[in-house]
Asks: 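Pasting in a structure now, in structure tokens, and then I'll have a few things to ask.
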Amino acid sequence: MTKIISYNVNGIRAAIGKGLIDWLKAASPDILCIQETKAQPGQIPDELFEELGYQCFWHSAVKKGYSGVGIVTRIKPDAIHIGIGIPEYDAEGRFLRADFGDISVICVYHPSGTTGDVRQDFKMKWLADFQNYATALQKERPNLIISGDYNICHKPIDIHDPIRNAKSSGFLPEERAWVTSFLDSGFIDTFRHFNQEPHQYSWWSYRAGSRSKNLGWRIDYHMASLEMKNRLKGARILPSALHSDHCPVVLEIAEI
């Protein structure tokens with residue numbers, strides 16, 4: 001069985017300072033998809049990962065201290081693809097793909113629209129272009145796993161207060177409709193494939209008490225193409241490792 005973990009670390013250097021490497025050793029994923037590294041490759045101590053048997057691949061934003069994704073893997077990839085080929089997005093370090101045989105694992109960090117209308121418009125444009133990219137990629141690479149921080153709760157079951165958050169970025173009708181459209185285009189929300197219980201979240205704001213009261217959002221996903229359905233073995237949200245305001249999320253699949 002192959003274990004894939006997706007984790008928005010909210011700054012990889014800070015997370016390492018809070019014990020990320022010890023956590024990684026204990027969690028022992030085969031593949032770790034990291035979002036929000038907030039670092040340039042030269043600022044990340046690859047040797048700490050390499051000592052545990054991992055190879056590291058990074059896509060950093062041009063802007064320092066911002067965004068950035070990485071794939072840390074024990075399984076040697078056949079190929080690595082950086083970005084989706086659209087400069088305005090690739091400058092923000094949001095996409096990294098690793099091919100393993102007939103399976104491609106993608107680490108993605110979808111934009112947030114919480115800072116205002118300009119970024120919300122950017123987010124919606126990105127989502128449309130990302131879906132077009134994924135649809136085209138499916139024809140070439142049918143077995144896809146797209147892991148990361150989507151910055152969207154899909155359904156009321158995925159957020160602690162759907163009524164009050166109905167006009168909040170991350171739970172807007174148009175964002176939720178995009179997730180539905182994305183799933184309808186041939187993908188599975190792997191967590192909901194295995195788990196239907198409410199109040200299971202992967203992110204809490206830094207507002208006092210939000211984590212202890214479980215006032216959370218489920219915005220971190222492993223989306224798998226329908227062709228992967230028979231290879232899916234389990235999905236869950238791990239307890240907070242306290243390196244970040246997010247939780248790690250796990251997908252288990254048949255061995256790569």
Asks: In terms of hydrophobic clusters joined by side-chain contacts under 4.5 Å, are Ile31 and Val69 together?
Replies: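 The answer is yes; both residues are in one hydrophobic cluster.
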Asks: Verify the neighbour count for atom CG of Asp184: are there more than 12 heavy atoms of other residues, nucleotides or ligands below 6.0 Å?
Replies: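 Result for CG/Asp184: enclosed.
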Asks: How about Gln138 and Leu144: do any of their side-chain heavy atoms sit closer than 4.5 Å?
Replies: yes
Asks: Hey, do the aromatic rings of Phe182 and Trp178 have their centres closer than 6.0 Å?
Replies: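 For Phe182 and Trp178, the ring centres are under 6.0 Å apart.
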Asks: So Leu232 and Leu251, do their side chains get closer than 4.5 Å, heavy atoms only?
Replies: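 Sidechains of Leu232 and Leu251: in contact.
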Asks: With a 6.0 Å cut-off on ring centres, are Phe95 and His59 close enough?
Replies: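 No, ring centres 6.0 Å or more apart.
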Asks: Does NZ or CZ of Arg176 come closer than 6.0 Å to the centre of the six-membered ring of Phe171, within 45° of the ring's axis?
Replies: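 Relative to the ring axis of Phe171, which defines the angle, Arg176 lies inside both limits.
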Asks: Show, in sequence, the C-alpha distance, side-chain angles and deciding distance for Leu24 and Tyr54, and conclude whether the side-chain contact (heavy atoms from CB on, under 4.5 Å) test is met.
Replies: CA-CA 10 Å; Leu24 177 62; Tyr54 292 97; 3.8 Å; yes
Asks: Would you compute the distance between atom CE of Met124 and atom CG of Asp129 and round it to the nearest 0.5 angstrom?
Replies: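 With rounding to 0.5 Å, CE (Met124) is 11.5 Å from CG (Asp129).
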Asks: Measure across Pro77 and Gln55 and return the closest heavy-atom pair with its distance rounded to 0.1 Å.
Replies: CD-OE1, 3.8 Å
Asks: Stepwise, does the side chain to side chain donor-acceptor pair (under 3.5 Å) test hold for Thr114 with Arg119?
Replies: CA-CA 7 Å; Thr114 56; Arg119 289 301 292 180; over 6 Å; no
Asks: Between His81 and Asp99, do the side chains contain an N or O donor and an N or O acceptor separated by less than 3.5 Å?
Replies: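 A donor-acceptor contact under 3.5 Å links the two side chains.
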Asks: Which heavy-atom pair separates Ser168 from Glu175 by the least distance, and what is that distance?
Replies: O-OE1, 4.1 Å
Asks: Nearest 0.5 Å, what's the CG-CG distance between Leu215 and Asp161?
Replies: 8.5 Å
Asks: Could you tell me if Arg141 and Ser225 have a donor-acceptor pair between their side chains, going purely by distance under 3.5 Å?
Replies: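 On atom types as modelled, these side chains do not qualify, holding no pair under 3.5 Å.
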Asks: State, without any angle test, whether Ser169 and Gln120 hold a side-chain donor-acceptor pair at a distance under 3.5 Å.
Replies: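 Short answer, yes.
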Asks: Take Ile237 and Cys247 through the side-chain contact (heavy atoms from CB on, under 4.5 Å) test and state the conclusion after the steps.
Replies: CA-CA 7 Å; Ile237 301 172; Cys247 282; 3.8 Å; yes
Asks: Decide whether Ile84 and Leu127 are clustered together by the hydrophobic rule: side chain heavy atoms of Ile, Leu, Val, Met, Phe, Trp, Tyr closer than 4.5 Å, transitively.
Replies: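 In one cluster with Ile84: Leu127, yes.
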Asks: Does Thr73 reach the side chain of Phe57, with side-chain heavy atoms less than 4.5 Å apart?
Replies: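 Yes, at least one pair of side-chain atoms sits under 4.5 Å.
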Asks: Only one of Ser147, Ser6, Cys33 passes side-chain contact (heavy atoms from CB on, under 4.5 Å) with Cys107; say which it is.
Replies: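 Of the listed options, the one satisfying the test is Cys33.
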Asks: Walk me through whether Tyr109 and Asn8 qualify under side-chain contact (heavy atoms from CB on, under 4.5 Å).
Replies: CA-CA 8 Å; Tyr109 178 37; Asn8 180 322; 3.8 Å; yes
Asks: The test is side chain to side chain donor-acceptor pair (under 3.5 Å); show your working for Asp220 and His246 and say whether it passes.
Replies: CA-CA 8 Å; Asp220 300 274; His246 290 251; 2.9 Å; yes
Asks: Tell me whether Ile146 shares a hydrophobic cluster with Ile5, the cluster being built from Ile, Leu, Val, Met, Phe, Trp, Tyr side chains joined at under 4.5 Å.
Replies: no
Asks: Check for me, please, whether Tyr89 and Val108 land in the same ILVMFWY cluster - side-chain distances under 4.5 Å, paths through other members count.
Replies: yes
Asks: For the side-chain contact (heavy atoms from CB on, under 4.5 Å) test, which of Asn143, Asp78, Thr2 pairs with Ile103?
Replies: Asn143
Asks: Parallel, tilted or perpendicular, judged at 30° and 60°: which one describes the rings of Trp126 and Phe130?
Replies: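 If you compare the ring of Trp126 with that of Phe130, the planes turn out parallel.
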Asks: What do you reckon, is NZ of Lys155 surrounded by more than 12 foreign heavy atoms closer than 6.0 Å?
Replies: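 No, not enclosed.
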Asks: When rounded to the nearest 0.5 angstrom, what is the spacing between NE2 in His154 and CG in Leu183?
Replies: 5.5 Å
Asks: Please work out whether the ring planes of Trp217 and Trp203 are parallel, tilted or perpendicular, with thresholds of 30° and 60°.
Replies: perpendicular
Asks: Just so I know, are the side chains of Trp23 and Tyr7 near enough to count as touching, which here means a heavy-atom distance under 4.5 Å?
Replies: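 Result yes, sub-4.5 Å side-chain heavy-atom pair found.
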Asks: Quick one: does Ile12's side chain get under 4.5 Å of Leu20's, heavy atoms only?
Replies: yes
Asks: Go through the steps for Met228 and Ile145 under the test side-chain contact (heavy atoms from CB on, under 4.5 Å), then give the verdict.
Replies: CA-CA 8 Å; Met228 290 290 300; Ile145 297 169; 3.9 Å; yes
Asks: Consider only side-chain N and O atoms of Ser112 and Asn151, and report whether a donor and an acceptor are under 3.5 Å apart.
Replies: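 Side-chain D/A pair, Ser112 to Asn151: absent.
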Asks: Is there a side-chain contact between Arg218 and Arg192 in this structure, where contact means two heavy atoms from C-beta onward sitting under 4.5 Å apart?
Replies: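 Yes; the side chains approach each other to less than 4.5 Å.
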Asks: Is Glu92 reaching over with its side chain to a backbone N or O of Glu88, donor-acceptor style, under 3.5 angstrom?
Replies: no
